[in-house]
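See below for the structure under consideration.
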Amino acid sequence: MSKIVEGISRTFNEFLLLPNLTDERCIPSNVSLKTPLVKYRKGEEPKYSANIPMVSAIMQSVSGEEMGIALAREGGVAFIYGAQSIESQARMVKNVKKHKAGFVVSDSNVKSGTPLKEVLELIQETGHSTVMITDDGTAHGKFLGLVTDKDYRITRANLDDPIDNYMTPKEKVIWTKKGIGLAEANDIIWENKIACLPILDDEEKLKYLVFRKDYEDRKNNPDSLLDENKRYIVGAGINTRDYEERIPALVEAGVDLVCMDSSDGYSVWQKKTIEFVREKYGDDVKIGAGNVVDKEGFRYLAEAGADFIKVGVGGGSICITRETKGIGRCQASALLDVVAARDEYFKETGIYIPVCSDGGIVQDHHITLALALGADFVMMGRYFARFDESPTRVVKRGNTYMKEYWGEGSNRARNWQRYDMGGDKKLSFEEGVDSYIPYAGRLKDNLAITCAKIKSTMCNCGSITIPELHEKARLTIVSDVSISEGKAHDVVLKEIDTQYN
């Protein structure tokens with residue numbers, strides 16, 4: 001007969017955090033929101049960590065290249081949606097990786113003797129107006145000089161001339177040697193009134209470039225999430241159908257993490273996808289799996305080799321999987337079960353696999369509750385879809401500005417791969433809706449408020465790191481009556497007269 005899981009399936013709204021002793025450490029400026037993104041062994045550091053515990057959902061209406069840049073700039077990660085052509089998704093990933101931040105590897109390089117017309121074609125392709133000339137035309141060849149769009153006039157130049165006729169040779173270029181700090185490099189740029197500073201090694205081979213325009217960006221965004229080459233970290237969604245073609249293209253584009261986008265992660269198809277990654281790339285490519293809702297699902301994906309595991313079926317604001325199919329689990333209960341499995345697995349193996357809570361978050365404090373219940377980070381769709389940086393339109397509905405927001409299981413998205421169970425290549429029925437959500441403005445402004453709330457609550461819980469919150473958090477279950485008590489009640493709220501604001 002069927003097995004009935006004991007206990008009520010609970011949501012975040014049914015929990016409140018209890019205050020712990022707030023000691024001298026517990027001020028928001030001391031709180032670190034740094035959290036692991038991929039698995040690691042006890043005593044070691046993960047290859048990737050985020051500076052805020054938030055990533056954007058693998059959705060057409062949420063995660064494009066603008067979101068990738070904006071979220072990485074604030075310390076999080078966007079997962080570029082996979083319900084598009086392989087070429088289009090790889091291009092989005094490449095555009096995020098090309099966005100400059102501090103010391104960068106040059107991606108516009110030619111060798112001596114290259115015709116000007118080929119250089120112009122490269123500039124058209126990359127969108128960059130500064131090109132490095134090296135002996136072999138690579139990013140790390142011996143530096144010979146550079147050329148900018150101010151060094152030639154297309155209307156008067158002979159396009160067949162070698163670039164050497166237009167470049168500024170190394171002898172006249174201001175450059176410096178590797179080992180210099182970013183602050184020192186920027187001092188050189190400002191003192192010499194130049195736009196770009198080449199960094200060379202002891203053999204005068206090109207290593208990095210520092211651009212004037214990046215200075216303010218780095219100064220204003222100290223939590224930016226960067227790889228070893230000072231490029232933004234970005235993720236991408238994949239499916240279990242075309243992964244053998246899609247993953248190599250994403251890797252070539254520079255993707256840092258890939259994550260399977262599926263409504264049901266407890267699947268042999270996910271295991272096969274992870275096996276492909278391990279056979280082809282070993283541990284060099286990091287892959288997330290899911291979604292699951294219990295210990296069994298977590299254990300299956302952990303033993304398959306997943307680098308992080310997502311939790312949640314049916315909790316998203318645009319998801320109707322539970323209504324349509326009668327399957328899923330309320331987010332808080334699913335998270336508690338999976339977190340227990342993660343901790344058990346860590347004790348057995350010494351390998352810590354981060355848990356991502358995906359879905360069920362409506363209010364900012366739900367993020368903190370998810371972390372307190374054991375999540376390492378959360379994946380959100382509706383939260384990020386409200387911002388300027390999401391790919392959708394701002395529309396006016398009545399007197400309110402809204403943004404379009406639709407689920408991957410909706411007819412609009414028709415992302416059949418997400419719900420694929422090995423049958424026909426089509427979406428047989430909808431598991432998501434097409435909707436509007438209130439427009440909220442810039443990501444940066446809203447995210448700052450959300451992070452401030454999380455840090456404040458963590459201080460109330462006597463914690464200044466997420467692992468400490470995992471250990472110290474105390475929660476209580478609340479009743480329907482107490483939920484209403486937690487809001488403004490028994491008062492008449494003043495109406496704000498907009499003409500005076």
Side-chain angles (χ1 to χ4, degrees), residues 51 65-75 78 91-111 114 119-134 137-152 163 166-201 204-234 253-254 256 389 444:
N51 291 325
E65 61 188 75
E66 284 189 55
M67 185 62 70
I69 293 166
L71 191 46
R73 185 180 284 135
E74 301 304 319
R91 184 166 56 252
M92 285 189 178
V93 168
K94 190 176 293 186
N95 287 343
V96 176
K97 297 303 291 184
K98 286 196 304 185
H99 199 83
K100 306 300 185 190
F103 291 101
V104 296
V105 175
S106 175
D107 61 0
S108 296
N109 313 284
V110 297
K111 61 183 178 180
T114 300
V119 175
L120 295 177
E121 290 171 0
L122 178 63
I123 290 171
Q124 181 71 25
E125 178 186 338
T126 64
H128 299 150
S129 59
T130 302
V131 176
M132 300 294 118
I133 292 85
T134 61
T138 70
H140 299 300
K142 188 170 183 179
F143 179 66
L144 302 179
L146 60 82
V147 64
T148 74
D149 56 1
K150 296 180 177 63
D151 294 324
Y152 51 81
I163 196 61
Y166 301 94
M167 76 177 188
T168 302
K170 172 179 167 292
E171 294 74 24
K172 294 183 179 181
V173 173
I174 294 172
W175 55 274
T176 189
K177 287 194 174 183
K178 71 173 185 177
I180 191 172
L182 186 58
E184 296 172 278
N186 280 300
D187 286 342
I188 295 173
I189 287 173
W190 285 92
E191 288 167 5
N192 292 277
K193 299 180 180 180
I194 57 177
C196 172
L197 178 68
I199 311 293
L200 311 184
D201 64 13
E204 297 187 353
K205 291 184 177 181
L206 183 63
K207 295 299 292 181
Y208 305 109
L209 302 175
V210 178
F211 289 89
R212 173 190 286 262
K213 65 181 180 180
D214 289 331
Y215 175 72
E216 285 299 321
D217 185 60
R218 289 290 294 125
K219 183 179 177 182
N220 295 332
N221 300 286
D223 290 328
S224 294
L225 202 59
L226 308 174
D227 65 17
E228 63 274 12
N229 293 317
K230 308 298 180 183
R231 302 175 301 175
Y232 288 133
I233 285 176
V234 64
D256 298 285
E389 293 82 1
K444 184 179 183 68

Practice problem: Identify the two heavy atoms, one from Leu206 and one from Pro198, that lie closest to each other, and give their separation to 0.1 Å. | Solution: CD1-CB, 4.1 Å
Practice problem: Look only at the side chain of Asn229 and the backbone of Arg231, and say whether a donor-acceptor pair between them is shorter than 3.5 Å. | Solution: no
Quiz item: How far does CD1 of Ile194 sit from CZ of Phe211, to the nearest 0.5 angstrom?
Solution: 11.0 Å
Quiz item: Just wondering, are more than 12 heavy atoms of other shown residues or ligands nearer than 6.0 Å to NZ in Lys444?
Solution: yes
Quiz item: Do any N or O atoms from the side chain of Asp256 and from the backbone of Val234 form a donor-acceptor pair under 3.5 angstrom?
Solution: yes
Self-check item: Minimum side-chain heavy-atom gap Val210-Ile188 below 4.5 Å
Solution: no
Practice problem: Could you tell me the separation between the CH2 atom of Trp175 and the CG atom of Asn192, rounded to the nearest 0.5 Å? | Solution: 13.5 Å
Self-check item: side chain to side chain contact (heavy atoms under 4.5 Å, CB included) partners of Thr148, counting only residues at least two apart
Solution: Thr130, Leu146, Lys150, Asp151
Quiz prompt | Closest approach of Met167 to Leu144 (non-hydrogen atoms, all atoms of both residues) | solution = CE-O, 3.8 Å
Quiz prompt | Contacts of type side chain to side chain contact (heavy atoms under 4.5 Å, CB included), residue Lys111, not counting sequence neighbours | solution = Thr114
Quiz prompt | Side-chain touch Leu200/Thr176, heavy atoms, less than 4.5 angstrom | solution = no
Exercise. Over all heavy atoms of both residues, which pair between Val147 and Tyr166 is shortest? Give the atoms and the distance, please.
Key: CG2-O, 4.2 Å
Practice problem: Might you point out which heavy atoms bring Ala139 and Ser106 nearest each other, and give the distance in Å? | Solution: CB-O, 3.2 Å
Quiz item: With a 4.5 Å heavy-atom cut-off, do Tyr232 and Leu226 have their side chains touching?
Solution: yes
Exercise. Taking only Lys NZ, Arg NE, NH1 and NH2, and the carboxylate oxygens of Asp or Glu, determine whether Asp201 and Lys205 approach each other closer than 4.0 Å.
Key: no
Quiz item: Does some side-chain heavy atom of Lys97 sit less than 4.5 Å from a side-chain heavy atom of Asp227?
Solution: yes
Quiz prompt | Counterpart residues, side chain to side chain contact (heavy atoms under 4.5 Å, CB included), relative to Thr138 (two or more places apart) | solution = Asp136
Exercise. To the nearest 0.5 Å, tell me how far Ile174 CD1 sits from Lys193 NZ.
Key: 11.5 Å
Exercise. Flag the pair Cys196 / Met132 as yes when at least one side-chain heavy-atom distance between them is below 4.5 Å, and no otherwise.
Key: yes
Quiz item: If you look at every heavy atom in Glu204 and Lys170, which pair is closest and at what distance?
Solution: OE1-CE, 3.2 Å
Quiz item: Under a 4.5 Å cut-off applied to non-hydrogen side-chain atoms, are Tyr152 and Val119 in contact?
Solution: no
Quiz item: What is the distance from atom OG1 of Thr168 to atom CD1 of Ile133, rounded to the nearest 0.5 Å?
Solution: 8.5 Å
Quiz item: Side chain of Asn95, backbone of Glu65: donor and acceptor closer than 3.5 Å?
Solution: no
Quiz prompt | Asp149 and Ile123: CA distance, side-chain angles, deciding distance, side-chain contact (heavy atoms from CB on, under 4.5 Å) verdict | solution = CA-CA 9 Å; Asp149 56 1; Ile123 290 171; 5.7 Å; no
Quiz item: Considering all heavy atoms of both residues, which atom of Leu122 and which atom of Val110 are nearest to each other, and what is their separation?
Solution: CD2-CG1, 3.8 Å
